[in-house]
Student: 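Attaching a single structure in structure tokens format; questions to follow.
Excluded from the calculations below are hydrogen atoms, water molecules and symmetry mates; all remaining heavy atoms, backbone and side chain alike, are included. In what follows, chains carry the letters A, B, and so on, assigned in the order in which the sequence lines appear, proteins first and then strands, with residues in each chain numbered from 1.
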Protein chains: 2
Amino acid sequence: MPIIDVSGIDRLHHDAVNALAVQMREHGLRRDEPVRSTFGLLGDRWSTLIILVLGMGTWRHAELRRVLGRLGSEERISQRVMTLKLRVLERDGFVCRHVTQDVPPRVSYSLTPLGNALLSEVHRLIDWVNERADTIRMARAAYDAMED
Amino acid sequence: MPIIDVSGIDRLHHDAVNALAVQMREHGLRRDEPVRSTFGLLGDRWSTLIILVLGMGTWRHAELRRVLGRLGSEERISQRVMTLKLRVLERDGFVCRHVTQDVPPRVSYSLTPLGNALLSEVHRLIDWVNERADTIRMARAAYDAMED
DNA sequence: CGGTATCCTAAAAGATACTG
DNA sequence: CAGTATCTTTTAGGATACCG
């Protein structure tokens, strides 16, 4: 019994499509489930950078913001977006938020063990792409040149 | 000689920040360079799904669009966006586009060897997240419960 | 059939001002 | 200091119509 309606889909692909459909329904490939949301983190403008910086240790809010701005060349992260991204990372268990009871309060952020594990995956993926960066750049040049 | 202006940044982090800054300038962590653009693919709404489906073999344009729509539950990918995403994937060398000289032309898409290598990384990353999906879900539940 | 052009909506991100 | 609220800009994505 097919999981998805395969009418109009090449017979050769029926089984494979159904297997993927099962994976999507049962193994969290839907939006807002861990797989998609984590992939989303990797792709957004700041989350991966935040994880890389927090990989160096614990940071105060203000310092973290400064260094993110400096790393991203001229671009700065707005206070609003940084808080937003840190909240999501904290909610998913990648980032830990420490607050002292001083006035004004001192807030600092660091990676959890889960966050450090994600950092390893990020590093692995960065290395993977870098090993192929020239291939990609050449493919781009070839494609752009072919556009007559 | 520091690569970035470290004034106002905790002394403890100077060296690490500079190392990351070097990596960002020299190893493609900037926007539109392979690392960031590839991470972007992983995070967007359709590219990863396209790679997973093309991992099953060669697809005609119309069929690919149908099956993507079916997989994403109710959501459909618009023709415009599918062409757009496929173009980017083709330009970067992940996807191969075949055109026959029939009238009307028959266009089909498949993964290149580089695309298949990326597919492996995607699968690895999906597995990594799935192994931790329950941890993430529990972190979310705890965070949401704590919001008084 | 596959692609493009045009227009429109929604989501992400930035700027700024204000608060405990 | 860190966070929130409000407003604006930017970008991603969708709907539709039309073309070769």
Student: With a 3.5 Å distance limit and no angle check, can you tell me whether A:Ser47 reaches the backbone of A:Gly43 through a side-chain donor-acceptor pair?
Tutor: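 No; zero donor-acceptor contacts below 3.5 Å.
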
Student: Kindly point out which of C:dG14, D:dG14, C:dA15 is positioned nearest to the side chain of B:Ser78?
Tutor: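 Ranking C:dG14, D:dG14, C:dA15 by closest atom to the B:Ser78 side chain puts D:dG14 first.
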
Student: Report the distance from atom CG of B:Asp32 to atom C1' of D:dT11, rounded to the nearest whole Å.
Tutor: 13 Å

Student: Between atom CG in B:Leu68 and atom C1' in D:dG13, what is the gap in whole Å?
Tutor: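 Checked: the CG to C1' distance equals 14 Å.
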
Student: Hey, is the main chain of B:Leu42 close enough, under 3.5 Å, to the side chain of B:Thr48 for a donor-acceptor pair?
Tutor: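 Side chain of B:Thr48 to backbone of B:Leu42: a pair is present.
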
Student: Rounded off to whole Å, could you give me the CD1-to-P distance for the B:Ile77 and D:dG13 pair?
Tutor: 9 Å

Student: Taking salt bridge (Lys or Arg N to Asp or Glu O under 4.0 Å) as the definition, give me every residue that meets it alongside B:Arg97, ordered by chain and number, with sequence neighbours left out.
Tutor: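 Not a single residue meets the salt bridge (Lys or Arg N to Asp or Glu O under 4.0 Å) criterion with B:Arg97.
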
Student: Just N and O in the side chain of B:Trp46: are any of them under 4.0 Å from OP1 or OP2 of D:dA12?
Tutor: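 B:Trp46 to D:dA12 OP1/OP2: no side-chain N or O under 4.0 Å.
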
Student: Name the nucleic acid region contacted by B:Asp44, choosing base, sugar-phosphate or nothing; use a 4.0 angstrom heavy-atom cut-off, strictly under.
Tutor: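 Sugar-phosphate: the residue B:Asp44, judged by heavy atoms under 4.0 Å, touches backbone atoms but no base.
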
Student: Rounded off to whole Å, could you give me the CG-to-P distance for the A:Leu49 and C:dA13 pair?
Tutor: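 Atom-to-atom, A:Leu49 to C:dA13, this comes out as 12 Å.
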
Student: Taking it one step at a time, do A:Arg60 and A:Glu63 satisfy salt bridge (Lys or Arg N to Asp or Glu O under 4.0 Å)?
Tutor: CA-CA 5 Å; A:Arg60 296 281 310 282; A:Glu63 280 199 331; over 6 Å; no

Student: Taking protein heavy atoms under 4.0 Å as touching, what does nucleotides 1-6 of chain C look like 5' to 3' if B marks base contact, S marks sugar-phosphate-only contact and - marks none?
Tutor: BBBB-B

Student: To the nearest Å, how far apart are A:Arg31 CZ and C:dA11 P?
Tutor: 8 Å

Student: Rounded to whole Å, how long is the line connecting atom CG of A:Asp102 with atom C1' of D:dC1?
Tutor: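 Rounded to the whole Å, the gap is 11 Å.
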
Student: Start with the C-alpha gap between B:His61 and B:Thr83, add the side-chain angles, then the distance that decides, and say whether side chain to side chain contact (heavy atoms under 4.5 Å, CB included) holds.
Tutor: CA-CA 9 Å; B:His61 178 108; B:Thr83 301; 3.8 Å; yes

Student: Using the closest heavy atom to pick a nucleotide of DNA chain D for each, name whichever of B:Lys85 or B:Arg65 lands nearer the 5' end.
Tutor: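 Closer to the 5' end of DNA chain D: B:Lys85.
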
Student: Can a donor-acceptor pair be found between the side chains of A:Ser37 and A:Arg91 at a distance below 3.5 Å?
Tutor: no

Student: Are side-chain heavy atoms of B:Asp92 and A:Tyr143 found at a separation under 4.5 Å?
Tutor: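 Not in contact.
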
Student: Can you measure A:Trp59 atom CH2 to D:dC1 atom C1' for me and round it to whole angstrom units?
Tutor: 17 Å

